[in-house]
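Heads up, the thing below is written out as structure tokens.
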Amino acid sequence: MATAPEKLLLRLEWKVVRRLDGRLQGAHRTTYRGTGIDFTGLRPYTEGDDARHIDWNVTARLDEPHLRVFTEDRELTVWLVLDRSASMGAGRPGRGKHDVLAELTLVLTRLFGRGGNRVGAVLFDTGMVRVVPPGTSRRHALRIAAELQRTSGTRGGSTTDLAEMIDAAGRLARRRALVVVLSDFIGEGDWECSLRRLARRHEVVALRIVDTADDVLPEAGLIVVEDAETGEQLVVDSADPLLQVRFRAAVDARDARLTAGMRRAGVPVHRIDTDRDLGEALVEVVARTGKRTS
């Protein structure tokens, strides 16, 4: 009998992966330029070689021109940074932020893997880090999905340290890679500094998963509002016009801080709403990426 991740993957392969296959490959800005990224040694210069690769320090020491030699690596390593903190549990059953995170993870793993690229995952759950080393197969995608399912029991009591989450990815991605951060970016920590540091070495893209509950306070009278990260509860009058204005202002300020921080870090951020068709959302991400790199 097929497991839940297998059923989900099969559905996504029919509804989403087939629509996007071939469109995602080449849509990202490659971090690899020139002849490669791995320095393998030196050799004497011969006529016709590219003088830009001359190692002048070695040339001066040996009194003979020498070139730096690199190996070319055409395959891309992709790291998916998956936020499994408590706030990612928000949303309606079956279509909350965690559900969309799982779908995005499977789709991206299959799309990149089908192109011969290796995909790894860093699962971050309020200080706990679980790692799935890079792989390419369909079974590998199911392994990542199973890990997501295994960590779906989120815990409250502390706020997510987004900087710690991003730093964890930086420690694991030793070689230059494409790092895709999938998160609602609700949390604390100097994540901007960590993201900027990560982007210096890798290509980084942020997919921000958003649910209506993140942006809208329903006018339903007295309601209990709970901080998804800490579990702290508060009774408020959601119909209070002043509270609605303050809530909207807080949401706008949060979004502005996030946008500005991403811009300063040099990282493109794409919003993925839980109530939107996943295929359409990813097509838009690819289109925006193409415009950015053209």
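Only this structure's heavy atoms are used, side chains among them; waters, hydrogens and symmetry mates stay out.
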By side chain to side chain donor-acceptor pair (under 3.5 Å) - contacts of [X] (at least two apart):
X	result
D273	R271
R43	D49
T274	D211

Consider only side-chain heavy atoms of I, L, V, M, F, W and Y, link residues closer than 4.5 Å, and tell whether [X] and [Y] are in one cluster.
X	Y	result
W56	L67	yes
L282	L76	yes
L123	V205	yes
W191	L172	yes
V285	V180	yes

Keeping the roles fixed (side chain from H140, backbone from G135), state whether a donor-acceptor pair exists under 3.5 Å. yes

Greater than 12 external heavy atoms within 6.0 Å of R246's CZ: no

Using the side chain to side chain contact (heavy atoms under 4.5 Å, CB included) criterion, which residues pair with V269? Sequence neighbours excluded. A206, R208, M262

Mind checking what makes side chain to side chain contact (heavy atoms under 4.5 Å, CB included) contact with T259, not counting sequence neighbours? R263

If I take atom CZ from residue R175 and atom CZ from residue R118, how far apart are they, to the nearest 0.5 angstrom? 8.0 Å

I'd like to check the salt bridge (Lys or Arg N to Asp or Glu O under 4.0 Å) partners of R264; sequence neighbours left out, ordered by chain and number. E192

